[in-house]
Enquirer: 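The structure is given below, and queries will be raised subsequently.
In the text below, chain A, chain B and the rest are named by the order of the sequence lines, each starting its count at 1.
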There are 2 protein chains.
Amino acid sequence: MRNLLEIQKQLLPDLMETLKRRYTILHQIMLSDIIGRRTLAASLNMTERTLRAETDLLKSQGLIEIDSVGMRISDAGRSLLDLLEPIAKSLFGLDDLEEKIRSTYGLSKVIVVPGDCETSPFTKRELGRAGAKALLGVLRSDDTIAVTGGSTLAEMADQLTPPLPLSYKDAWFVPARGGLGESMEIQANTIASTMAKRVGAQYRLLHVPDLLGEDAYQSLAQDSNTREIVQIIRRSRIIVHGIGDAIEMTRRRKLDEATVLEIQEEGAVAESFGYYFNEDGQVVHTMLTMGLRLEDIIRTEVVVGIAGGKRKSKAIHAMLRFGQEDILVTDEAAAVEIGREIDEHVQLVH
Amino acid sequence: MRNLLEIQKQLLPDLMETLKRRYTILHQIMLSDIIGRRTLAASLNMTERTLRAETDLLKSQGLIEIDSVGMRISDAGRSLLDLLEPIAKSLFGLDDLEEKIRSTYGLSKVIVVPGDCETSPFTKRELGRAGAKALLGVLRSDDTIAVTGGSTLAEMADQLTPPLPLSYKDAWFVPARGGLGESMEIQANTIASTMAKRVGAQYRLLHVPDLLGEDAYQSLAQDSNTREIVQIIRRSRIIVHGIGDAIEMTRRRKLDEATVLEIQEEGAVAESFGYYFNEDGQVVHTMLTMGLRLEDIIRTEVVVGIAGGKRKSKAIHAMLRFGQEDILVTDEAAAVEIGREIDEHVQLVH
DNA sequence: TTTGTCATGGTCTTAAAATGTCCCGGGCTA
DNA sequence: TAGCCCGGGACATTTTAAGACCATGACAAA
């Protein structure tokens with residue numbers, strides 16, 4: 001059943017919105033027993049006219065009855081509400097989750113896509129699409145955007161379709177970090193170039209490994225080409241980054257056993273742009289990288305974090321506590337978990 | 001899954017239409033491998049501009065890819081089509097059925113609502129709603145409408161909500177037949193008055209029993225009041241009638257055993273406005289009633305038949321063969337059965 | 001190489017729908 | 001009886017959809 005909704009959403013993007021609006025109106029009418037148009041409009045924050053269009057429709061569908069004393073729900077409307085309840089729950093549940101997370105950590109926007117991207121490639125794609133949409137929502141025509149690597153970011157790049165009117169030919173996409181691991185598709189360089197091409201923007205590449213020894217760092221820091229692009233990266237107005245599980249990242253980086261143990265003992269749960277964070281969002285381990293430094297991130301105007309799946313919920317939560325995120329894009333599985341942890345924390349405090 | 005669609009349809013009446021349109025477009029694009037806007041518009045009977053609005057949406061949803069050589073379906077679009085196939089089947093199946101029945105019997109309109117009104121009260125309500133809508137589609141402001149009794153007609157009366165702009169205050173609703181059985185709600189008189197009230201029209205009542213002996217008929221025929229209303233009934237431009245199973249009707253009418261047997265032996269399967277019809281749509285038995293005569297029905301401009309349920313499919317089919325129906329409103333259960341019989345007949349002919 | 005065809009995407013105008021706003025007469029309640 | 005809120009009508013205004021064309025570019029056939 002849930003599945004059908006997901007399918008429909010693709011062909012009718014504003015289905016959910018309309019469904020929710022009408023459900024809310026019908027629900028409110030039911031709760032009010034009998035209510036007038038103006039009163040209802042006020043309590044739903046709608047204008048009289050738009051509400052009227054909706055109630056006319058509800059009436060023509062036989063879901064409400066209207067007479068001179070006001071509107072009331074019909075039997076058909078009542079039974080429809082019953083049937084709709086489980087759907088509405090999931091419809092609104094995500095909104096509530098978004099708002100809870102948003103307000104708890106003072107973000108400007110939280111987007112939760114339904115599903116679990118660990119188990120469903122569809123959800124992963126949705127996550128990418130939501131991320132793309134969020135980025136386009138803040139993107140200006142002359143921005144510089146730094147992006148990290150990872151499979152989620154790669155999906156986002158694929159799903160990036162700019163709305164027709166705007167031109168981004170003066171925008172720059174740059175990788176936020178160097179090369180990491182073997183897979184080409186999920187390199188920050190690849191993603192920066194894909195995104196740039198998709199929106200018709202410029203891009204620069206950073207040709208260094210993500211993890212550097214002291215010597216290598218020093219010598220690369222001398223390279224004028226590298227220095228120039230690093231300058232650009234650090235001046236980005238927008239950062240889009242994946243959030244990694246700390247342990248998993250140590251493996252992907254192929255760190256030596258000793259370092260892995262060290263990082264574990266420091267209580268790291270999350271990794272992003274070369275920094276390891278513990279559960280409280282504090283930086284507990286720093287890798288020597290060429291890309292963004294902590295101070296750059298703090299200074300950056302818009303930080304967009306994208307990650308989903310229950311396994312990453314702890315990592316995502318840690319990044320939220322770090323406090324530099326502005327926009328979070330995640331999936332239901334992770335968001336539910338984070339919501340639960342927020343609740344538990346509230347209980348502890350009281 | 002099917003259920004959810006039914007629920008949504010109540011809050012989003014044109015959901016199906018939109019879904020079908022977009023599905024058709026996407027499907028056509030898939031079949032065409034690659035195709036241009038104008039060509040596609042021509043093959044789908046759409047104007048270029050409206051198609052463009054749709055394809056822009058499909059593109060923004062990532063379901064198709066557009067470049068300078070034309071449009072082609074994307075992987076996401078392809079997998080969506082796969083998922084949508086079973087839904088589309090049921091979506092279009094009813095359309096095909098409607099058209100098949102319509103063209104076979106030369107009706108002007110056939111409406112098939114999904115489901116089986118024998119098992120689902122929802123479907124019965126849908127049937128009523130569809131009937132109401134069909135009536136409003138042909139109703140003029142100064143019409144006379146004759147309606148029979150029955151539970152389906154009663155449901156239709158309840159679901160009759162006129163669109164706001166038109167006034168029907170010069171229209172007249174009259175019962176097509178007299179009183180029958182005990183239940184008040186399903187009397188033709190009740191239904192005529194309910195319908196009239198719901199659309200703001202006038203009504204007249206016919207105060208005679210449905211089934212008359214010769215003596216009673218003669219004496220009532222003398223009554224000036226009765227004669228006047230019968231005149232009105234026989235001049236109706238529109239008839240809305242239920243279709244009954246012959247055997248069931250003999251019971252409801254509480255006919256004596258001998259007559260029941262007689263009617264059965266005559267091969268009657270359907271009953272409507274006091275006439276019994278065999279499988280070929282021929283009148284095999286006539287009851288002496290005060291209401292409509294066969295010649296009135298033949299002369300009537302718009303005859304709307306409403307009935308659903310598998311058990312009534314034979315009766316409905318008989319009425320179609322009778323050849324006086326203009327609009328048929330039925331449910332999926334009956335329509336599927338009728339469709340099957342049409343196919344069998346075609347095979348017999350060949 | 002040229003030429004014709006078909007593609008997309010832009011633009012302008014027109015038509016239609018949605019919306020904001022106000023008002024009227026009618027019940028209901030105090 | 002007075003006042004209040006009701007639905008529904010009316011209307012100006014804004015927004016959106018649709019129709020009609022055109023510019024430009026890719027591609028294939030001649």
Enquirer: Just to verify, what does Lys100(A) make a side-chain contact (heavy atoms from CB on, under 4.5 Å) with, not counting sequence neighbours?
Expert: Thr104(A), Ile342(A), Asp343(A)
Enquirer: For Leu57(B), check side-chain contact (heavy atoms from CB on, under 4.5 Å) against everything at least two apart and list the hits.
Expert: Pro13(A), Arg22(B), Gln61(B)
Enquirer: Taking the side chain from Thr50(A) and the backbone from Met46(A), do they hold a donor-acceptor pair closer than 3.5 Å?
Expert: no
Enquirer: Could you check whether Lys124(B) pairs with Glu155(B) (Lys NZ or Arg NE/NH1/NH2 to Asp/Glu carboxylate O, under 4.0 Å)?
Expert: no
Enquirer: Using atom CD1 of Ile66(A) as one end and atom P of dG27(C) as the other, report the distance to the nearest whole Å.
Expert: 17 Å
Enquirer: Between dG9(C) atom P and Leu58(B) atom CG, what is the distance in whole Å?
Expert: 13 Å
Enquirer: I'd like to know if the side chain of Asp67(B) and the backbone of Val69(B) have a donor-acceptor N/O pair within less than 3.5 Å.
Expert: yes
Enquirer: Please list all pairs meeting ring-ring contact (aromatic ring centres under 6.0 Å, His included) that have one or both residues in residues 6-54 of chain A, counting only residues at least two apart or in different chains.
Expert: Tyr23(A)-His27(A), Tyr23(A)-Phe92(A)
Enquirer: Please evaluate residues Gln159(B) and Glu126(B) with respect to the criterion side chain to side chain donor-acceptor pair (under 3.5 Å), reporting the C-alpha separation (whole Å), side-chain torsions for both, the decisive distance (0.1 Å), and the verdict.
Expert: CA-CA 9 Å; Gln159(B) 299 292 331; Glu126(B) 272 301 300; over 6 Å; no
Enquirer: Is the backbone of Leu107(B) close enough, under 3.5 Å, to the side chain of Arg102(B) for a donor and an acceptor to pair up by distance?
Expert: yes
Enquirer: Rounding to an integer number of Å, can you tell me how far Glu65(B) CD sits from dA7(C) P?
Expert: 18 Å
Enquirer: With a 4.0 Å cut-off, would you call Asp158(A) and Arg198(A) a salt bridge?
Expert: no
Enquirer: At a heavy-atom distance below 4.0 Å, what parts of residues 27-40 of chain A sit against DNA chain D?
Expert: Ile35(A), Gly36(A), Arg37(A), Arg38(A), Thr39(A)
Enquirer: Between the protein and nucleotides 13-20 of chain D, which nitrogen or oxygen pairs come in under 3.5 angstrom?
Expert:
unit_1, atom_1, unit_2, atom_2, d
dG19(D), OP2, Thr47(B), OG1, 2.6

Enquirer: Please check if the side chain of Ser74(A) supplies one atom and the backbone of Leu63(A) the other of a donor-acceptor pair under 3.5 Å.
Expert: yes
Enquirer: What string of B, S and - do you get for nucleotides 24-30 of chain D 5' to 3' if you count protein non-hydrogen atoms under 4.0 Å?
Expert: --SS---
Enquirer: Provide, to the nearest angstrom, the distance between the CG atom belonging to Asn45(A) and the C1' atom belonging to dG20(C).
Expert: 16 Å
Enquirer: In whole angstrom, what separates Met71(A)'s CE from dG7(D)'s C1'?
Expert: 9 Å
Enquirer: By the definition side-chain contact (heavy atoms from CB on, under 4.5 Å), identify the one residue from Val329(B), Asp326(B), Val138(B), Ile327(B) that meets it with Lys109(B).
Expert: Ile327(B)
